[in-house]
Amino acid sequence: MTFTSPLAETLAPDVLERFQRYVRVDTQSRRDRERSPSTPGQLELARMLVEELHVAGLTDAALDEHGYVFATLPGPEGSPVIGVLAHMDVSPDAPADGVVPIVHAHYEGGVIELPYDETVLDPAQMPVLASKVGHDIVTSSGNTLLGADDKAGVAEIMAAVAHLAAHPELPRPTLRVGFTPDEEIGEGATLFDIERFGARCAYTLDGSQPGELQDETFSAVEVTLTVHGVDIHPGWATGRLVNAARLAGRVLASLPSDRLTPETTSGREGFIHPYALEASANRAVVRAIVRDFDDELLDRHVALLTRTAAEVIAAEPRARLDVAVKPQYSNMRKYLAEVPEVVAAAERAILAEGLEVLREPIRGGTDGSILSARGLPTPNIFTGGHEYHSVREWASVQDMASASAVVVRLAEAWASA
């Protein structure tokens, strides 16, 4: 496989070595966190990154009290300060303990069979994989996720920054490096110290296909429905038991199944996604995420969900329904539109690497969604990872190297801005 540039080919061994090391650290975040970060493994990786940044020459690298890693690669006096970001945690949606990365060198096409749980990567079901013949493909062993989301981004930034530090003749602004905890549970940017970070703008590396540049995300809300029933011994339940689990099931069954679901929507269509149900006869809790690019449509989806639940529970007057609606993040587009030069610099960097710029909205969110709303404009760049949040997760070494090279090109783009 020909790399996108000699620079990418130079960076590839370092990116792969770092990536293989980082994914072995269990950094799975935990919902309903009690502290930041939500799990100790994230601190283990954070300390590792601080040490490696010191070795690379970024002497101010430090871990703050909330588990964020910050460091600086100085540029010429008076140069702009630009940030690059990735998150250290991985999703709670699949097993993450004991990740063993496997490199499938020079992929020849066809099905990749992984050692455990009969997990396969089938290009017939994954058209993107079918396009990676000749690439070196990294997977897990099939019983855990890989961690490309977002340790690919972490490795790419680390390799790019180490390369820039080792080549002071290369043009760059002052680069601020940041690694965040708990992005996967929507908390990655909530305690991010923007003032301390001190950047004009930043870029997350948290996308997928080479060339992706995203300045638009879903707006997001989480809705929690708590159904309170009346529990009693089933032998004496006649006319008295109100089964909260059954009522919760009726709520779910009453929601649209032919529209407004992740599996029936695409492009710019939003959805309602019940993702967790904890139920007993006495109490049932339904957790759902609601997404749309349009805030008015998002409000309609929330109203549909809460109205449906209220109507179902109202049919049983002895039951009670509690509803909690929690905003998670907003579409970054309206904030980035005010600073078009931020996205333009990333476009120049991607083009300089010999890639076509792919501008598609993210059917999800990044730390940049919250950071942009808080005043730090932060679009998103690709990483080369795929099938996120599953045991089928994989990444291309060549594409990861391209992403790392784009960070180096981004430094040049801002140096000449």
Side-chain angles (χ1 to χ4, degrees), residues 1-20 22 56-57 73 75 79 82-86 103-107 128-138 148 150-173 175 177 202-215 341-360 379-386 394-417:
M1 165 62 189
T2 302
F3 287 87
T4 47
S5 70
L7 173 61
E9 187 169 11
T10 297
L11 292 169
D14 190 28
V15 172
L16 177 59
E17 190 276 331
R18 292 178 187 275
F19 180 63
Q20 290 177 295
Y22 301 157
L73 180 67
S79 62
I82 307 302
V84 284
L85 304 171
V103 179
H104 307 265
H106 310 295
Y107 174 57
V128 174
L129 178 62
S131 71
K132 303 298 180 182
V133 172
H135 287 227
D136 301 317
I137 304 298
V138 188
D150 188 28
K151 291 170 186 173
V154 174
E156 291 153 9
I157 290 172
M158 290 292 291
V161 169
H163 181 79
L164 286 166
H167 295 276
E169 75 280 4
L170 293 176
R172 83 284 304 276
L175 275 181
V177 177
Y203 301 84
T204 52
L205 271 75
D206 196 15
S208 191
Q209 270 286 70
E212 283 182 354
L213 171 59
Q214 292 143 333
D215 62 355
E341 68 276 10
V342 173
V343 172
E347 288 181 330
R348 294 197 302 275
I350 291 170
L351 292 171
E353 186 51 29
L355 293 164
E356 177 186 356
V357 177
L358 304 178
R359 298 289 296 276
E360 292 187 2
N380 188 54
I381 294 172
F382 71 95
T383 66
H386 303 273
W394 61 275
S396 157
V397 174
Q398 283 76 9
D399 293 346
M400 288 194 293
S402 295
S404 189
V406 165
V407 175
V408 178
R409 311 285 187 194
L410 186 64
E412 181 178 5
W414 275 104
S416 60

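Remember, it's a predicted structure, so these values are computed and weren't measured experimentally.
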Nearest 0.5 angstrom please: Leu85 CG to Leu205 CG, how far?
9.0 Å
Can you tell me how far NE2 of His386 sits from CD of Gln209, rounded to the nearest 0.5 angstrom?
4.5 Å
Residue list, salt bridge (charged side-chain N to carboxylate O under 4.0 Å, His left out) with Glu347, at least two apart or on another chain
Arg359
By salt bridge (charged side-chain N to carboxylate O under 4.0 Å, His left out) - contacts of Arg409 (at least two apart)
Glu353
Before giving the answer on side-chain contact (heavy atoms from CB on, under 4.5 Å), spell out for Tyr107 and Leu129 the whole-Å C-alpha distance, their side-chain angles and the decisive distance to 0.1 Å.
CA-CA 9 Å; Tyr107 174 57; Leu129 178 62; 3.7 Å; yes
Taking CD in Gln20 as the centre, count heavy atoms belonging to other residues, nucleotides or ligands within less than 6.0 Å. Is the count above 12?
yes
Assess the residue pair Tyr203 and Val342 against the criterion (side-chain contact (heavy atoms from CB on, under 4.5 Å)); give the C-alpha distance rounded to whole Å, side-chain angles, the decisive distance to 0.1 Å, and a yes or no.
CA-CA 9 Å; Tyr203 301 84; Val342 173; 3.6 Å; yes
Side-chain heavy atoms of His163 within contact of Val407, under 4.5 Å
no
Could you report the tightest heavy-atom contact between Val161 and Leu73, atom names first, then the distance?
O-CD2, 4.3 Å
In short, salt bridge (charged side-chain N to carboxylate O under 4.0 Å, His left out) pairs touching residues 202-213 with sequence neighbours left out are none
Is there a side-chain contact (heavy atoms from CB on, under 4.5 Å) between Val397 and Phe19? Walk through the geometry before answering.
CA-CA 10 Å; Val397 174; Phe19 180 63; over 6 Å; no
Check whether Ser208 reaches the backbone of Gly385 with its side chain - one donor and one acceptor, N or O, closer than 3.5 Å.
yes
